[in-house]
Number of protein chains: 2
Amino acid sequence: MILRGEVLPGERLNELALSRRLSISRSTLREAVRGLQQGGLLEIIPNRGVLVRQVSVKDALDLYDLRAALFRGAARLAARRALPEYKIRLKHLNDRMTEAAAAGRFTDYYAYNLEFHATVLTAGGNAPMALAYDQAVKGLHLFRRRSLVHPAQLDLSLREHESLLTAIAAHDVAAAGEVAERHIMLGRDRMLDTLDGSIPA
Amino acid sequence: MILRGEVLPGERLNELALSRRLSISRSTLREAVRGLQQGGLLEIIPNRGVLVRQVSVKDALDLYDLRAALFRGAARLAARRALPEYKIRLKHLNDRMTEAAAAGRFTDYYAYNLEFHATVLTAGGNAPMALAYDQAVKGLHLFRRRSLVHPAQLDLSLREHESLLTAIAAHDVAAAGEVAERHIMLGRDRMLDTLDGSIPA
DNA sequence: TCAGCAAAGATTGTCGACAATTCGGGAATG
DNA sequence: CATTCCCGAATTGTCGACAATCTTTGCTGA
């Protein structure tokens, strides 16, 4: 519900109402809520209730830095192992993204993009790292309901993916790490650019 | 209790007994447990109960890789900002560690070491990154009750800290990142070495 | 008109009980 | 003697209720 935007950041959750809506008891709901808090999606203020986490610009920038560090690490691991199945899968996903971009299907592009990144994490074979990355991405989701995709930047992004999968396939640990890190940081810059045109929160 | 070793990895927690021991109700305990699960300290098997997480050698190696990626990221951020207060603090902590090492007070050394690393994370000014790092360290705690400190390796570790704080103080982002990453990975190697002498789990 | 206070209402924190599921042991069978 | 089935005990999952706390509303007085 949070990631789908059915409850908005900053909104306060009424436990009784929500438990009724989900047809579960308050105890069960509260258990779930405690888990989500640790995951960073909710903020709990004692005796005041739970809020959907507000992600400020500063928070979002932090999450980008965190993502960059994790993505670099995962890309290095993926390049070290360089398992064939993931090479194929990454190539496949990037092809799909290229198609989607050419056809103007930005929603598909966005979904494939997420999956491409997730696959790099999987290819790294480090579950805790993948989990931390997921949490960061989820936090970023809360920042703005999907930051706009600028068509002019898609080509660049696709080329970055291309370099990354080439480096991984070539067992080039250092290159994979650098490309991966730069890719996220460029995404960070793009986010900042699109933000300049709107209200800085 | 988990970090203090009062409940051992793999052990199954009896909710009723534990709630009585802590003088709280089962509901309250369960809420806390759900939070700890997300933090990675507990594993919950539906209808079978909660177990203290078992950390295998593979898991520990993963956590070291994760720590390395995060520590590198934080060191780079710390070097970028290079706030004077943290330079002083890091210097102070490393001096204390040197003293403790010379006097053979290994428990103190260990505590200062943890604090030194935590301070680097704080100096980076990235809260989500610090949180992820903390979780990884906690997971590592579960691996072996404090991996033995080999006196011969203390000097090396201290010199690494020295290089790190020098690089941070000098605003040298790249050097700080490299030193930080190598420091954790050397710790990983040390862990593997001490492991060879015992039973590989 | 507005600040301060008090009572009423709403919401969260905690609890114990009941239902559902799993675990352990003993009897029956091949 | 080993194996399977079944029953009772133990443990987890879910629930609704009560207590504690906070928020809102209305009143009083300056």
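Source: prediction; values computed, not measured. To find a chain, count down the sequence lines: A is the first, B the second, and so on, and within it residues start at 1.
- The two atoms that bring B:Leu121 and B:Ala130 nearest to each other are CD1-CA, 3.5 Å, heavy atoms only.
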Quiz prompt | Residues A:Thr166, A:Ser163; criterion side-chain hydrogen bond (donor to acceptor under 3.5 Å, both in side chains); working and verdict | solution = CA-CA 5 Å; A:Thr166 301; A:Ser163 318; over 6 Å; no
Practice problem: Please step through salt bridge (charged side-chain N to carboxylate O under 4.0 Å, His left out) for the pair A:Glu43 and A:Arg53, ending with a clear verdict. | Solution: CA-CA 6 Å; A:Glu43 185 179 355; A:Arg53 181 171 160 212; over 6 Å; no
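- Taking 4.0 Å as the cut-off between side-chain N and carboxylate O, A:Glu15 and A:Arg20 do not count as a salt-bridged pair.
- Residue contacts shown for A:Leu13 are limited to sugar-phosphate atoms, with no base heavy atom under 4.0 Å away.
- Residues from residues 17-25 of chain A lying near DNA chain D, meaning a heavy-atom separation below 4.0 Å, are A:Ile24, A:Ser25 in numerical order.
- When rounded to the nearest whole Å, the span between CD of A:Glu31 and C1' of C:dT12 equals 16 Å.
- A salt bridge links A:Asp95 with A:Lys91: at least one charged nitrogen is closer than 4.0 Å to a carboxylate oxygen.
- Ranked by how close their nearest DNA chain D nucleotide is to the 5' end, A:Ser27 and B:Arg30 are led by B:Arg30.
- The two residues A:Ala101 and A:Tyr109 come nearest to each other via the heavy atoms CB-CD1, 4.0 Å.
- With a cutoff of under 4.0 Å to any heavy atom of chain A, the contacted region of DNA chain D is bounded 5' to 3' by D:dT14 to D:dT23.
- Taking each heavy atom of A:Met185 and A:Ala68 in turn, the nearest pair found is SD-CB, 3.7 Å.
- In terms of heavy atoms, B:Gly35 sits closest to A:Gln38 at O-CG, 3.3 Å.
- The aromatic rings of B:Phe71 and B:His117 sit tilted relative to each other, their planes meeting at an angle between 30° and 60°.
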Mind listing the N/O atom pairs, protein and nucleotides 21-24 of chain C, below 3.5 Å?
| from | atom 1 | to | atom 2 | distance (Å) |
| --- | --- | --- | --- | --- |
| C:dC23 | OP1 | B:Arg48 | NE | 2.5 |
| C:dC23 | OP1 | B:Arg48 | NH2 | 3.4 |

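- Between A:Val52 and A:Leu8 there is no side-chain heavy-atom pair separated by less than 4.5 Å.
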